[in-house]
J.: 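This is the structure, below, for whatever I ask next.
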Amino acid sequence: MPEMPEVETVRRTLLPLIKGKTIKEVTVWYPKIITGDAKEFKQQLVGKKITTIDRYAKYLLIRLSGNLTVVSHLRMEGKYRLVKINTKKDKHDHVQIVFSDNSALRYNDVRKFGRMQLIKTGTEKEKTGISKLGAEPNSAAFTVSYLQNGLARKKKNIKNTLLDQSVVAGLGNIYVDEVLWETKIHPLSHANTIPAEKVAQLHDNINSLIELAIAERGTTIHTYLDANGKTGGFQKMLQVYGHKGEPCVRCGTPLEKIKVNGRGTTFCPKCQVIYK
């Protein structure tokens with residue numbers, strides 16, 4: 001699943017491809033991709049201009065003229081690409097936005113889990129799934145005290161807490177494994193028992209990890225590509241994810257993999273301390 005660094009990379013690569021373009025026609029081949037009425041979605045987009053693309057956590061916010069925004073969640077395998085209008089349709093292309101210059105933005109999604117929702121600009125935190133999210137890494141709201149207070153309210157393990165998006169928004173399975181290893185916290189540690197100094201380290205490591213992953217244009221494990229069809233580079237820097245059985249680069253102990261709430265979780269049994 002694309003996590004915050006991957007979605008930010010999509011935003012950065014997609015923006016110069018479509019900014020300033022005027023929408024001429026919209027085709028929805030798979031209506032369930034659209035949250036709400038697909039016919040109304042198509043009608044309201046025609047004639048609008050792409051003004052910019054913002055992002056919150058794993059959501060793309062495609063800003064349009066007329067005070068409208070398309071909120072796009074890529075979920076597992078959603079991808080955007082700009083093509084010529086006569087490009088043959090791929091069987092996994094589900095939405096097409098044709099511009100006045102006859103280029104076309106296509107949304108491709110093998111699993112069909114992604115969603116698009118048209119809203120009034122500025123209402124995304126009330127009208128969409130963004131309303132349930134916590135603060136983003138590297139934002140003014142994401143302070144050490146914010147994280148300490150958020151974890152103090154959680155009785156479940158730290159792996160699930162970081163994945164549920166209610167405390168920190170944008171982290172997924174890959175980056176949670178990596179940041180817990182970096183901070184030497186066992187994934188089954190109770191979130192509300194982690195010492196304050198460790199939470200401060202966790203805060204700083206989340207920020208630095210996300211910043212580095214964005215600089216490396218995200219992580220490609222299976223199918224993630226940016227809007228130019230290119231892979232990320234952070235997979236070359238992963239210390240634990242995908243390295244089950246290999247020696248920990250810090251202490252040499254073989255890395256172990258377990259399931260935490262159904263999610264594969266790789267960690268060092270020696271380096272990472274469990275707090276209960």
J.: Determine whether a donor-acceptor pair (N or O, by modelled atom type, separation under 3.5 Å) exists between the side chain of H73 and the backbone of F113.
T.: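 No, because the side chain of H73 does not come within donor-acceptor range (under 3.5 Å) of the backbone of F113.
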
J.: Tell me the closest heavy-atom pair linking M4 and K58, and the distance in Å.
T.: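 Nearest pair, atom of M4 first, then K58: N-CG, 4.2 Å.
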
J.: Quick one: does D109's side chain have a donor or acceptor within less than 3.5 Å of a partner on G114's backbone?
T.: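 Flag set: sc D109 to bb G114 pair under 3.5 Å.
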
J.: Would you check if the side chain of R11 reaches a backbone N or O of I53 as a donor-acceptor pair within less than 3.5 Å?
T.: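 Checked: pair present.
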
J.: With rounding to the nearest 0.5 Å, note down the distance linking CG in N261 to NZ in K159.
T.: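 So the CG of N261 and the NZ of K159 are separated by 9.5 Å.
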
J.: Would a distance-only check, ignoring hydrogens and angles, find a side-chain to backbone donor-acceptor pair under 3.5 Å from E8 to I210?
T.: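 Judged by distance alone, no pair lies under 3.5 Å.
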
J.: Could you go through the side chain to side chain contact (heavy atoms under 4.5 Å, CB included) check for K21 and S103 one step at a time?
T.: CA-CA 9 Å; K21 295 196 176 204; S103 63; 2.8 Å; yes

J.: Under the side chain to side chain contact (heavy atoms under 4.5 Å, CB included) rule, what do T69 and D54 come out as? Steps first, then yes or no, please.
T.: CA-CA 10 Å; T69 293; D54 295 323; over 6 Å; no

J.: If you group Ile, Leu, Val, Met, Phe, Trp and Tyr by side-chain heavy-atom gaps below 4.5 Å, do V10 and L61 land in one group?
T.: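 Different clusters.
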
J.: How far does CG of N67 sit from OG1 of T121, to the nearest 0.5 angstrom?
T.: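 With rounding to 0.5 Å, CG (N67) is 4.5 Å from OG1 (T121).
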
J.: Are side-chain heavy atoms of T87 and K84 found at a separation under 4.5 Å?
T.: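 Yes - at least one pair of side-chain heavy atoms lies under 4.5 Å apart.
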
J.: Check whether E178 reaches the backbone of Y241 with its side chain - one donor and one acceptor, N or O, closer than 3.5 Å.
T.: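 At least one qualifying donor-acceptor pair exists.
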
J.: Does NZ or CZ of K198 fall inside the cone over Y275's six-membered ring, less than 6.0 Å from its centre and within 45° of the axis?
T.: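 No, K198 and Y275 do not form such a contact.
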
J.: Indicate whether the side chain of S72 and that of Y80 have a donor and an acceptor atom separated by less than 3.5 Å.
T.: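 Judged by distance alone, the side chains do pair up.
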
J.: When D93 is tested against each of R81, K112, K88 for salt bridge (charged side-chain N to carboxylate O under 4.0 Å, His left out), which residue passes?
T.: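 Exactly one candidate clears the test, R81.
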
J.: Has K125 got more than 12 heavy atoms of other residues, nucleotides or ligands less than 6.0 Å from its NZ?
T.: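 It does not: K125 NZ has 12 such atoms or fewer within range.
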
J.: In terms of hydrophobic clustering (I, L, V, M, F, W, Y; side-chain heavy atoms under 4.5 Å; direct or indirect links), are V28 and L60 co-clustered?
T.: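 Yes, because V28 and L60 connect within a single hydrophobic cluster, where side-chain heavy atoms sit under 4.5 Å apart.
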
J.: Return the minimal non-hydrogen interatomic distance between K257 and G264, and the atom names on each side.
T.: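 Smallest heavy-atom distance, with atoms named: CE-CA, 3.8 Å.
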
J.: Is any side-chain N of the basic residue among R106 and D90 closer than 4.0 Å to the acidic one's carboxylate O?
T.: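 Salt bridge between R106 and D90, a charged N being under 4.0 Å from a carboxylate O: no.
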
J.: Does any part of the side chain of K156, heavy atoms only, come nearer than 4.5 Å to the side chain of D164, both counted from C-beta?
T.: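 Sidechains of K156 and D164: in contact.
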
J.: Quick one: does Y175's side chain have a donor or acceptor within less than 3.5 Å of a partner on E3's backbone?
T.: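 Side chain of Y175 to backbone of E3, a donor-acceptor pair under 3.5 Å: no, none is there.
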
J.: Taking all atoms of both residues into account, what is the closest heavy-atom pair of P137 and A169, and its distance?
T.: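 Here P137 and A169 meet closest at CD-O, 3.1 Å.
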
J.: Once you round to the nearest 0.5 Å, how far does OG1 of T13 lie from CD1 of I18?
T.: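 Atom-to-atom, T13:OG1 and I18:CD1 are 10.0 Å apart.
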
J.: Taking C-beta and beyond as the side chain, do T253 and P269 meet within less than 4.5 Å on heavy atoms?
T.: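 A side-chain contact exists here, since the closest heavy-atom pair is under 4.5 Å.
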
J.: Could you go through the side chain to side chain contact (heavy atoms under 4.5 Å, CB included) check for W181 and V249 one step at a time?
T.: CA-CA 11 Å; W181 177 85; V249 297; 3.7 Å; yes

J.: Hey, does the side chain of T128 reach the backbone of I130 with a donor-acceptor pair shorter than 3.5 angstrom?
T.: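 Yes; judged by distance alone, with no hydrogens or angles, the pair exists.
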
J.: Any donor and acceptor pair, going by atom type alone, linking the side chain of T265 with main-chain N or O of R263 inside 3.5 Å?
T.: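 Here the side-chain-to-backbone pair exists.
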
J.: Distance check, rounded to the nearest 0.5 Å: Y107 atom OH versus Y30 atom OH?
T.: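 That separation rounds to 11.0 Å.
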
J.: Should Q96 and I85 count as side-chain neighbours, where that means a heavy-atom distance under 4.5 Å?
T.: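 Side-chain contact under 4.5 Å: yes.
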
J.: Say whether M116 and Y59 are linked into one hydrophobic cluster, either directly or through other cluster members, by side-chain heavy-atom distances under 4.5 angstrom.
T.: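 Different clusters.
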
J.: Less than 3.5 Å apart, any donor N or O on the side chain of T161 or K154 sitting next to an acceptor on the other?
T.: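 No, because no side-chain N or O of T161 sits under 3.5 Å from a partner of the opposite role on K154.
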
J.: Run the numbers on F99 and I23 for side chain to side chain contact (heavy atoms under 4.5 Å, CB included), then give the verdict.
T.: CA-CA 4 Å; F99 299 110; I23 298 170; 3.8 Å; yes

J.: Taking the side chain from R55 and the backbone from A57, do they hold a donor-acceptor pair closer than 3.5 Å?
T.: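 Checking the backbone N and O of A57 against the side chain of R55, a donor-acceptor pair under 3.5 Å is found.
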
J.: Nearest 0.5 Å, what's the CZ-OG distance between F267 and S189?
T.: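 With rounding to 0.5 Å, CZ (F267) is 10.0 Å from OG (S189).
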
J.: With the threshold set at 4.0 Å, does a side-chain nitrogen-carboxylate oxygen contact exist between E126 and K120?
T.: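 Here E126 does not pair with K120 in a salt bridge, since their nearest N and O are not under 4.0 Å apart.
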
J.: Specify the closest pair of heavy atoms between L163 and N173, including all atoms of both residues, with the distance to one decimal.
T.: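 In this case the closest contact between L163 and N173 is CD2-N, 3.5 Å.
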
J.: Should L68 and L45 be counted in the same cluster of Ile, Leu, Val, Met, Phe, Trp and Tyr side chains packed under 4.5 Å apart?
T.: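 Yes; tracing contacts between hydrophobic side chains, which count when under 4.5 Å, links both residues.
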
J.: Provide the closest heavy-atom pair for K19 versus T51 in the form atom of the first, atom of the second, distance.
T.: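 Smallest interatomic distance, heavy atoms only, reads CE-O, 3.2 Å.
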
J.: Any side-chain heavy-atom pair from L105 and V95 closer than 4.5 angstrom?
T.: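 No. Closest side-chain heavy atoms not under 4.5 Å.
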
J.: Which atoms form the tightest heavy-atom contact between Y146 and A135, and what is the distance?
T.: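 Shortest heavy-atom separation between Y146 and A135 comes out as OH-N, 3.0 Å.
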
J.: Examine L209 and L238 and state if one hydrophobic cluster contains both, with Ile, Leu, Val, Met, Phe, Trp and Tyr joined whenever side-chain heavy atoms are less than 4.5 Å apart.
T.: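 Yes, same cluster.
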
J.: Main chain of R153, side chain of N192: is a donor-acceptor contact present, judged purely on distance under 3.5 Å?
T.: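 Answer holds: no.
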
J.: Drop me the distance from L171's CG to L162's CG, to the nearest 0.5 angstrom.
T.: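 It is 6.0 Å, given to the nearest 0.5 Å.
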
